[in-house]
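Note that the structure is a prediction, hence the values are computed from the model and not measured. Numbering of residues begins at 1 and proceeds along the displayed sequence.
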Amino acid sequence: MRRRPGLAAVGGAAAVLILAGILWLVRGPGMGPWPGTGSDRHEAVALVNGEPLCGELLELFAAKHRALVPAGQWKAAALAAAIDWKVRQLWAKDRGLVQDASFSTLEQELREVNRARKHALAAGQPVYGPVEYDAGTYLDILAGTWQTAMLERFYYKAEYAPGRIREYYEANKEAAFTLPATVRVNAMFLPYREGQRGQEIVRLLEEAGGRLAEGERWQSVAQTYQGMEALRGLIAEERVFGEREYRENRLRPALLREIERLAAGAVSGVFEDMDGYYLLQGLSRTAGGLVSYEEAKGKIYAVLAEEDYRRDWELKRKAASVVVDEQALSRLVLP
């Protein structure tokens, strides 16, 4: 970072936060449209790659970080976050996604967006989210929009040599491209509820499991036990566990453990997991295995494009020229 007479480079906690990552996309309380408290809020408090960062923008991040960061650190955190956002905006400008990086243009854009949302609502058109965006939310939306547009450009313009794609596949195939077995089961599930008698529930479900193991039809057993008051709320249904279901049930380790070892035709014991009691009957099992290289190429292409995007972003952020006018900063009364 460059130093100039009367200006001080960002250092200490602010510099650490700039390099640590984007942690500011959390909206703090009490932020209305374009808040203003200090008489010098229009004055530039920093230059980022030669472009002014005005007190008005810093105020928005100050309002967020006052509620998020310990006392004594929130001002430096707000400054770091505002600089980080400004670097991202200027990168978007370099790529043709932003025409004018001034704060007055941001204000005008927000007014136009909110006016359009009100008109759409008055015309009976669907409007998702709040009727009006506040300033902090609008900054977050812009940053997300720029990131999505950048990722798309990296994806569609990238040209990766087949050797690089193959190298990624070979290095990550066990972790990223291995599909689990697909398992079909009949499942009885009784969610936890107040006043349940656990021992009675386990006894009845074990009894149902014994009847299934002896060859009684699932439909008959399920109908019998769903009609019992002690098992009120019992769910009995066929379920399929594949890659998506394994992800969705990752917080149910007992269920996944039983699914992984349940053979076709076998009946599990009664077991509990985070949300209730289970009894399973295996129906079929299709072996998992590796996703082929040809099938994985599209996913690998997207992963490499995102890696390239994030690497370029880090380079842009670290290479940014930032100087702070401490006198102007001291004149600004932050919220």
Side-chain angles (χ1 to χ4, degrees), residues 18 22 24-67 75 77-153 313 316-317 320-325 328-329 331-335:
I18 290 172
I22 303 171
W24 55 270
L25 294 176
V26 182
R27 181 169 172 266
M31 291 178 58
W34 311 117
T37 53
S39 58
D40 292 289
R41 56 193 297 265
H42 300 289
E43 186 176 9
V45 296
L47 294 177
V48 180
N49 291 340
E51 292 274 353
L53 189 161
C54 65
E56 296 159 304
L57 183 64
L58 181 57
E59 285 177 349
L60 296 176
F61 291 96
K64 293 182 180 187
H65 285 79
R66 192 177 190 113
K75 289 184 179 179
L79 180 59
I83 291 170
D84 213 48
W85 188 92
K86 191 68 179 178
V87 173
R88 189 178 292 276
Q89 182 197 40
L90 295 177
W91 189 29
K93 184 181 179 183
D94 290 343
R95 295 300 184 97
L97 299 173
V98 174
Q99 301 302 315
D100 184 347
S102 68
F103 193 82
S104 60
T105 296
L106 281 176
E107 291 181 296
Q108 180 60 31
E109 287 176 357
L110 178 59
R111 284 192 291 267
E112 292 174 358
V113 167
N114 283 337
R115 189 180 304 118
R117 292 175 69 82
K118 287 182 178 179
H119 288 167
L121 194 64
Q125 301 171 4
V127 173
Y128 301 100
V131 176
E132 287 188 89
Y133 291 130
D134 64 33
T137 299
Y138 188 59
L139 295 183
D140 294 351
I141 290 172
L142 286 176
T145 301
W146 299 332
Q147 178 171 322
T148 299
M150 292 281 203
L151 281 169
E152 288 180 353
R153 291 186 179 193
W313 163 238
K316 284 286 184 182
R317 180 160 53 180
S321 169
V322 179
V323 287
V324 176
D325 187 333
L329 190 60
R331 289 193 294 269
L332 181 67
V333 181
L334 294 174

Is the shortest heavy-atom distance from the side chain of [X] to the side chain of [Y] under 4.5 Å?
| X | Y | result |
| --- | --- | --- |
| Met150 | Leu97 | yes |
| Leu151 | Gln147 | yes |
| Leu58 | Leu329 | yes |
| Leu106 | Leu139 | yes |
| Trp91 | Val87 | no |

Gap between atom OH of Tyr138 and atom CG of Asp140 - 0.5 Å precision |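 Taking CG in Asp140 and OH in Tyr138, the distance rounds to 12.0 Å.
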
Rounded distance (nearest 0.5 Å) linking atom CG of Asn49 with atom CD of Gln89 |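 The distance works out to 11.5 Å.
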
For [X], what residues pass the side chain to side chain contact (heavy atoms under 4.5 Å, CB included) criterion, not counting sequence neighbours?
| X | answer |
| --- | --- |
| Pro130 | Arg117, Tyr133 |
| Thr145 | Ile141 |
| Gln99 | none |
| Ala120 | Gln125, Val127 |

For the side chain of [X] and the backbone of [Y], is there at least one donor-acceptor N/O pair under 3.5 Å apart?
| X | Y | result |
| --- | --- | --- |
| Arg153 | Arg95 | yes |
| Lys86 | Leu47 | no |
| Asp325 | Val45 | no |

Taking all heavy atoms of [X] and all of [Y], pick out the closest pair and write down the distance.
| X | Y | result |
| --- | --- | --- |
| Asn114 | Glu132 | OD1-CA, 3.3 Å |
| Ala44 | Ala328 | O-CB, 3.5 Å |
| Phe61 | Ala81 | CD2-CB, 3.8 Å |
| Arg317 | Asp84 | CD-OD1, 2.7 Å |
| Leu110 | Ala135 | CD2-CA, 4.0 Å |
| Arg88 | Ala143 | CD-CB, 4.1 Å |

Results of salt bridge (Lys or Arg N to Asp or Glu O under 4.0 Å) for Glu51 - residues two or more places apart only |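 Once residues adjacent in sequence are excluded, the partners of Glu51 under the salt bridge (Lys or Arg N to Asp or Glu O under 4.0 Å) criterion are Lys93.
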
Pairing residues for Trp146 by the ring pair (Phe, Tyr, Trp, His ring centres under 6.0 Å) criterion, not counting sequence neighbours =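 Partners of Trp146 under the ring pair (Phe, Tyr, Trp, His ring centres under 6.0 Å) test: Trp85.
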
